[in-house]
Number of protein chains: 2
Amino acid sequence: MSHTREDVIAAAGRMFAAKGYHGTSMRDLGRELGLLGSSLYSHVGGKQELLVEVVARGAKLFQAAADRALATEGTAADRLRALIAGHVDVVLDHRDEVRTFLNEARSLDAEARAAVVEARDRYEEAFRTVLREGIEDGSFRPEVDPVVDGIFVLSILNAIERWYDVSGPVDRSELVARLHRFVLGGLAGGG
Amino acid sequence: MSHTREDVIAAAGRMFAAKGYHGTSMRDLGRELGLLGSSLYSHVGGKQELLVEVVARGAKLFQAAADRALATEGTAADRLRALIAGHVDVVLDHRDEVRTFLNEARSLDAEARAAVVEARDRYEEAFRTVLREGIEDGSFRPEVDPVVDGIFVLSILNAIERWYDVSGPVDRSELVARLHRFVLGGLAGGG
DNA sequence: CCTACCGATCGGTAGG
DNA sequence: CCTACCGATCGGTAGG
């Protein structure tokens with residue numbers, strides 16, 4: 001049974017997501033694949049390279065989802081719903097990369113961490129854009145702050161990986177519906 | 001300059017919050033206090049004990065805040081506001097313990113981790129209680145789910161430590177006001 | 001992909 | 001609180 005670089009990166013995603021970067025050793029990673037830690041170095045340059053690769057995949061998935069959502073026709077609320085649904089899809093379909101992207105960026109060296117900060121900012125900007133549109137056309141409250149309220153929305157979305165249980169009582173469409181209703185109320189509601 | 005057990009725990013809180021449990025060595029911790037790693041063992045039993053202590057303090061602070069908030073007279077919305085304001089106070093006034101409580105529980109051994117899970121559940125229960133009250137008296141939408149929407153509220157609150165800048169443009173009272181408006185809209189709003 | 005290993009660092013202890 | 005250590009484990013390399 002021969003392994004590829006892809007196998008190693010996938011295993012790294014699984015283990016970094018489950019036990020964290022510092023909590024995962026190259027020997028752990030090797031064991032997961034049925035070989036020795038030292039054997040991994042014929043497939044990858046090192047542990048840090050694995051983290052960079054997994055995190056980059058998470059970042060790319062979110063950015064692609066945001067680009068698609070922003071291209072949605074209709075109102076600001078429609079695009080907001082598309083952003084929410086896209087985020088949920090990324091989280092549920094690529095949980096390991098998402099967890100690593102969200103929780104292990106701290107372990108990246110300076111350069112790679114800067115790239116993550118930039119990726120997050122671009123992603124947040126998609127939400128701020130939609131919030132501004134909604135404030136302008138009157139569908140959201142005028143006191144909404146695109147920065148602060150944008151963070152509120154993303155806080156809810158980014159937390160999903162921490163609690164959502166795929167085999168629990170809330171299915172994907174109900175999750176999206178509840179998210180959308182709560183967020184829309186938060187932005188438009190007559191609190 | 002002689003150190004106390006309290007000094008060591010405080011330093012551990014600072015370093016666990018900044019670099020994580022696995023990212024902090026006993027030698028790092030000693031250096032922070034101007035002594036050797038091995039010297040810490042005359043003040044504390046070990047590294048894990050330090051984590052347990054810091055996390056327990058975080059848990060206690062949140063629980064005390066919730067108890068106070070639930071004792072607030074008035075409507076469910078009033079108690080919700082008290083919960084939010086109490087949470088913000090805990091996060092801003094005890095950031096190290098909060099960060100460690102929220103982010104490093106994974107590094108606790110099984111027994112201590114179970115205690116954290118229980119503490120979190122009790123804290124979440126305070127929010128669920130207020131949500132149920134608000135649904136019953138009609139101030140919140142009938143479709144609100146105390147569990148799921150409670151998680152949404154706590155997701156926003158728990159994320160504050162990650163982005164809020166004490167010397168930034170949003171002061172404490174504005175933060176609480178924006179949180180309350182967003183959350184109340186999410187629960188009551190005519191989305 | 002394994003064998004055999006490297007220097008560095010880890011949490012922790014004995015003894016003062 | 002330091003000196004002087006311990007065994008274990010870490011990421012990584014040389015050579016096959």
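Chain letters run A, B, ... following the sequence lines, proteins first and then strands; every chain starts at 1. Source: prediction; values computed, not measured. Reckoned from all heavy atoms, side chains included, excluding hydrogens, waters and symmetry mates.
- One atom, NZ of B:Lys47, and another, P of D:dT9, lie 15 Å apart when rounded to the nearest Å.
- B:Leu51 has its CG atom 12 Å from the P atom of C:dG11, to the nearest Å.
- With salt bridges taken as basic N to acidic carboxylate O contacts below 4.0 Å, none links B:Asp78 and B:Arg81.
- Across the protein-nucleic acid pair, A:Leu40 atom CG and C:dC1 atom P stand 9 Å apart, rounded to whole Å.
- Taking atom CG of B:Asp109 as the reference point, atom P of C:dG11 lies 15 Å away to the nearest angstrom.
- Salt-bridge formation is not detected for the pair A:Glu104/A:Lys47: no Lys NZ or Arg NE/NH1/NH2 atom is positioned less than 4.0 Å from an Asp or Glu carboxylate oxygen.
- Rounding to whole angstrom units, CG of residue A:Leu29 and C1' of D:dG12 are separated by 14 Å.
- Salt-bridge formation is not detected for the pair B:Arg132/B:Glu136: no Lys NZ or Arg NE/NH1/NH2 atom is positioned less than 4.0 Å from an Asp or Glu carboxylate oxygen.
- The distance from atom CZ of A:Arg27 to atom P of C:dT3 is 13 Å, rounded to the nearest whole Å.
- Atom-to-atom, CG of B:Leu36 to C1' of C:dA14 comes out at 15 Å; the value is rounded to the nearest Å.
- Residue contacts for A:Gly37: at a heavy-atom cut-off of 4.0 Å it reaches no nucleic acid atom on any strand shown.
- Judged by a 6.0 Å distance limit and a 45° cone about the ring axis, A:Arg141 is not positioned over the six-membered ring of B:Phe182.
- In this structure, A:Asp28 atom CG and D:dG11 atom P are separated by 8 Å, rounded to whole Å.
- Between C:dC2 and A:Ser38, no contact under 4.0 Å exists linking OP1 or OP2 to a side-chain N or O.
- Counting non-hydrogen atoms of neighbouring residues, nucleotides and ligands closer than 6.0 angstrom, the CD atom of B:Glu49 exceeds 12 such neighbours.
- At the heavy-atom level, B:Leu35 lies under 4.0 Å from the strands shown only through sugar-phosphate atoms.
- Within 4.0 Å of A:His43, counting heavy atoms only, lie sugar-phosphate atoms of the nucleic acid but no base atom.
- Nucleic acid contact class of B:Ser42 (heavy atoms, under 4.0 Å, all strands): base.
- Minimum atom distance to the side chain of A:Ser39 is reached by C:dC1, of the listed C:dC1, C:dG11, D:dG11.
- Pairing for C:dA14 is with D:dT3, a Watson-Crick or G-U wobble pair whose two hydrogen-bonding atom distances lie under 3.5 Å.
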